[in-house]
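Lettering follows sequence order; numbering is per chain, from 1. Because only heavy atoms are used, hydrogens play no part in the values below, and waters and symmetry mates are left out as well, while side chains stay in. These figures come from a predicted structure and were not determined experimentally.
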Amino acid sequence: MDILVGLNPQQQQAVLAGLGPVLVLAGPGSGKTRVLTQRVAYLISTLGVHPYSILAVTFTNKAAREMESRVQHLLGEPQSRGLMMGTFHSICARILRREASQLPFNSNFVIYDTDDQLALVRQALEELNMDDKRNRPASIHAAISFAKNELHLPDDFPVQDYRSEIISRVYRRYQELLLTNNALDFDDLLLWTVHLFDQFPATKEKYARLFEHILVDEFQDTNQAQYTLVHQLSSFHRNLFVVGDIDQSIYRWRGADYRNVLRFESDFPDAQIILLEQNYRSTQAILDVAMAVIKPHPHRAPKRLFTSRGSGEIVNLVETTDDREEANFVVKTIAGMIQTKTAKPGDFAIMYRTNAQSRLVEEEFLQHGLRYRLVGAQRFYGRREIKDLLAYLRLVHNPADELSLIRALNTPPRGIGNKSFIQLKAFAQQVKLSPGEAILSIAKDTQSAVSSSFPQRSVTAIAHFGDLLTSWRAKVDELPPLQILDNLINDINYRSYIDDGSPEGEDRWENVMELRRLASEFQQPGLGAFLERIALVSDQDTLAESNDAPTLLTLHAAKGLEFPIVFIIGLNDGTLPHARSLDDMEAMHEERRLLYVGITRAKEKLYLVYSQMRSSFGYSEPAIRSRFIEDIPESLLQIKTTDDAQLGIGIHKPKDNWGFSSAKSSAPILHNRFSAGNRVRHSKWGEGLVLNSVLSDDDEVLDIFFESVGLKRVAASLAKLEILTDH
DNA sequence: CCTTAGTCATTTTTT
DNA sequence: ATGACTAAGG
């Protein structure tokens with residue numbers, strides 16, 4: 001049977017495991033994706049299971065798509081049609097749309113992102129006359145989210161003290177607000193689905209009978225709600241196949257509980273347990289470091305990792321002077337290896353603890369004129385122009401969405417301000433409609449609004465907006481998302497609003513074009529699928545398909561991926577482990593696991609990098625190297641310093657008396673355009689005095705003292721500088 | 001109603 | 001250092 005070709009005995013055992021519960025404990029790089037894929041193929045082709053009777057839960061939607069295409073490839077074309085695959089969140093969204101008639105929202109619900117969720121918490125606080133300074137919205141929201149993941153509804157939210165009383169009341173109001181907006185937050189998707197199955201046993205039974213086989217990846221990162229859901233869905237057939245690795249559990253902070261793996265063993269005492277220990281990804285040198293890092297972790301089942309890939313190159317531990325130099329080291333090293341053809345640009349990954357750390361590295365890439373790809377959904381969807389247009393689309397899809405209405409109503413400005421909106425809300429309440437629906441009714445019949453003490457001017461403006469909304473909605477079931485998007489971009493003249501001809505304006509328009517490209521992937525009429533995809537994109541989903549450039553990503557986003565050459569930067573106490581976990585044992589253990597995940601992403605080469613100084617909030621402070629480094633025996637490491645001559649890729653830099661390093665080493669190709677003593681004018685910062693000018697790579701780096709902002713370091717090619725005096 | 005200057009908080013990690 | 005939010009002016 002060619003489904004088993006190339007699998008080791010343990011992998012085969014997993015693929016062929018019989019009916020009933022199965023727990024696969026899979027170390028990093030042990031081929032668990034292959035096992036999952038081949039098992040699905042095996043179920044369909046050999047056991048004759050219908051694809052639509054199989055539910056496979058993956059950690060990202062991208063992983064689901066990949067698995068689907070691999071299964072298809074194994075089986076030959078159409079046999080895999082109907083497979084239910086996706087993340088917990090996207091699967092729940094599908095179920096909820098189908099079953100919305102039994103629930104207090106309709107199937108056009110929108111999924112609120114983090115910003116919307118916070119806005120709603122703020123609104124709840126305000127309505128309850130609570131101070132949002134004393135009660136931080138973010139922390140209240142975290143508490144609500146935590147409660148939801150533990151399946152606590154407002155009614156059974158445990159109230160023990162003053163703070164939980166506050167949270168309980170905000171939670172209750174927050175939940176009401178979501179429903180009036182016909183909106184769900186991320187946690188609701190899980191919560192409502194569990195609730196649905198609880199309240200309507202017949203519905204639960206329908207799905208439990210449907211899914212003969214359920215497969216769950218990354219089981220160590222499920223939370224209480226997801227665990228319950230898996231139980232409900234597998235309650236009929238009990239064919240539950242879960243794959244996980246406690247050592248790789250990194251989402252405790254969002255409610256995940258690796259003890260679900262242990263709970264599985266006790267809840268299903270008859271479960272077959274299969275251990276995958278052979279690693280097919282990394283060299284032994286990398287695995288040894290990984291095991292040294294994870295070894296001190298308490299209460300873990302000791303797992304041996306072994307590889308047949310040979311010992312490989314020793315792992316590098318690199319000390320740099322500060323974080324700027326850290327970034328410089330990484331990019332220089334990469335540039336060097338690309339130049340000497342030691343590696344391809346797509347072979348590299350740079351991993352860090354916090355998103356903020358990407359910036360210095362990005363700047364360094366820019367300086368070197370190298371392309372890179374950045375993993376992170378927030379960066380794109382957080383942009384103003386994207387949020388604007390999505391607000392319009394969501395409103396067209398679901399007029400009850402008040403948050404989107406507020407955003408769309410006055411972008412671009414059309415004379416409907418706060419006052420008019422308050423009047424609108426009052427009017428809407430009178431006629432028992434949501435504000436969005438009220439606008440539609442005003443467009444139809446201006447008189448009703450005028451008569452209820454609305455100034456004529458705002459009625460006209462609102463009616464105009466209502467006409468637009470009505471016209472878009474009229475075609476929403478006929479046109480694909482791209483058409484709807486284009487229509488509204490035209491109708492509101494959006495380009496002239498955001499693109500003023502400046503470079504920033506062009507960037508904004510570029511982003512709109514990117515959104516159009518995303519929309520064009522959806523051919524079917526209707527906005528539901530498109531909006532849902534956007535709401536539930538994971539960071540990994542944004543990873544561009546073409547991998548011909550180094551990848552920048554957080555350690556969290558790196559989960560499940562692999563790269564030939566990996567740099568893990570910022571290995572300093574306070575960064576990794578993060579300062580926020582210093583006083584929490586469990587959190588500290590999770591930081592260790594996070595580093596373990598990062599290390600085990602590497603196939604050939606690994607660089608662990610830290611620096612003596614780190615800057616945060618703009619100030620540079622001394623830092624000590626990560627405590628986790630101390631757990632690695634020195635014999636496993638090649639220790640380097642960037643002022644070490646042996647490194648020799650031009651990282652060595654003499655220090656000038658400002659404490660800045662200046663790279664005079666590279667042969668100057670250009671001439672200095674500026675010199676110390678020049679007075680210059682900068683478009684934003686005004687006049688300044690050049691203190692120092694240094695040629696670096698193919699640019700001129702200037703230290704300038706501006707009257708307005710003080711000392712700045714700029715690249716002459718980027719900052720448009722005008723010389724005021726000549727010597 | 002929209003622009004601007006000043007204040008302030010912000011740094012985990014993400015569906 | 002940067003950006004988001006608030007209060008005052010056009």
Side-chain angles (χ1 to χ4, degrees), chain A residues 57-63 86-93 111-115 117-119 122 132-133 136-138 141-142 145 148-149 184-191 218 221-223 225-226 249-256 351-360 363 375-379 381-382 384 409-421 457-458 461 532-542 553-559 570 574-582 584 587 590-591 593-595 597-598 614-620 709-713:
Chain A
V57 184
T58 56
F59 203 68
T60 64
N61 291 302
K62 185 164 175 266
T87 61
F88 274 109
H89 288 91
S90 68
I91 287 162
C92 286
I111 299 164
Y112 272 176
D113 66 21
T114 310
D115 285 349
Q117 293 169 31
L118 279 179
R122 281 201 197 89
D132 69 349
K133 292 271 176 338
R136 307 215 154 276
H141 179 262
S145 172
K148 286 184 170 185
N149 286 325
L184 270 62
D185 67 15
F186 298 128
D187 307 312
D188 276 344
L189 294 169
L190 309 170
L191 183 66
E218 307 283 6
D221 278 323
T222 53
N223 62 30
Q226 290 163 338
S249 123
I250 53 174
Y251 284 99
R252 188 185 85 101
W253 49 273
R254 72 177 203 210
M351 303 176 186
Y352 36 79
R353 177 63 236 267
T354 64
N355 282 307
Q357 288 171 265
S358 74
R359 218 162 111 184
L360 288 172
E363 282 172 15
V375 179
Q378 193 48 37
R379 282 200 151 66
Y381 293 103
R384 194 186 75 211
L409 199 52
N410 229 3
T411 30
R414 43 171 80 83
I416 309 169
N418 216 332
K419 262 210 173 112
S420 308
F421 187 71
R457 227 180 71 202
S458 27
E532 180 171 311
R533 160 82 87 81
I534 285 175
L536 297 180
V537 276
S538 70
D539 272 6
Q540 272 188 24
D541 292 329
T542 66
L553 75 180
T554 63
L555 287 161
H556 282 89
K559 169 166 163 154
T575 308
L576 180 63
H578 195 271
R580 299 284 267 251
S581 55
L582 255 32
D584 178 344
E590 183 149 306
E591 300 288 307
R593 298 194 292 266
L594 192 55
L595 175 57
V597 167
R614 292 217 142 253
S615 44
S616 59
F617 296 95
Y619 294 100
S620 200
V709 287
L711 186 62
K712 288 280 177 188
R713 167 166 290 194

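Picking from B:dT13, B:dT14, B:dT11 the nucleotide with the shortest atom distance to the side chain of A:His578 gives B:dT11. Residue A:Arg254 has its side chain nearest to B:dT15 when only B:dT11, B:dT15, B:dT13 are considered.
We find that CZ of A:Arg252 is positioned 16 Å from P of B:dT13, with the value rounded to whole Å. Atom CD1 of A:Ile250 is separated from atom P of B:dT13 by 13 Å (rounded to the nearest Å). Summarising the geometry, the separation between CD on A:Glu532 and C1' on B:dT15 is reported as 12 Å, rounded to the nearest angstrom. With rounding to whole Å, A:Gln357 atom CD is found 19 Å from B:dT10 atom P. For the pair A:Leu118 CG and B:dA9 P, the interatomic distance rounds to 16 Å; values are reported in whole Å. Distance, A:Phe186 CZ to B:dT15 P: 8 Å, rounded to whole Å. For the pair A:Arg122 CZ and C:dT6 C1', the computed distance is 13 Å after rounding to whole Å. Between A:Arg136 atom CZ and B:dT11 atom C1' there is a gap of 14 Å when expressed in whole angstrom units.
Among the heavy atoms of the strands lying under 4.0 Å from A:Arg359 are primed sugar atoms or P, OP1, OP2 only; no base atom is included. Residue A:Asn355 is classed as a sugar-phosphate contact, given heavy-atom separations below 4.0 Å to backbone atoms only. Nucleic acid contact class of A:Arg593 (heavy atoms, under 4.0 Å, all strands): none.
Using a 4.5 Å heavy-atom cutoff, the side chains of A:Phe88 and A:Thr222 are in contact.
A:Glu591 contributes no side-chain N or O that, together with a main-chain N or O of A:Ser581, makes up a donor-acceptor pair within less than 3.5 Å. Checking side-chain atoms of A:His89 against main-chain N and O of A:Leu189 turns up no donor-acceptor pair under 3.5 Å.
Between A:Thr554 and B:dT14 there is a side-chain N or O to OP1 or OP2 distance below 4.0 Å.
Aromatic rings from A:His578 and A:Trp253 are positioned such that their centres are separated by 6.0 Å or more.
Side-chain contact of A:Thr354 with A:Gln357: a donor-acceptor pair under 3.5 Å is present, judged by distance alone.
Annotation: C:dA4 and B:dT13 have their P atoms spaced 15 Å apart (nearest Å).
Ring-base stacking between A:Trp253 and B:dT13 is satisfied, the centre separation being under 5.5 Å and the plane angle under 30°.
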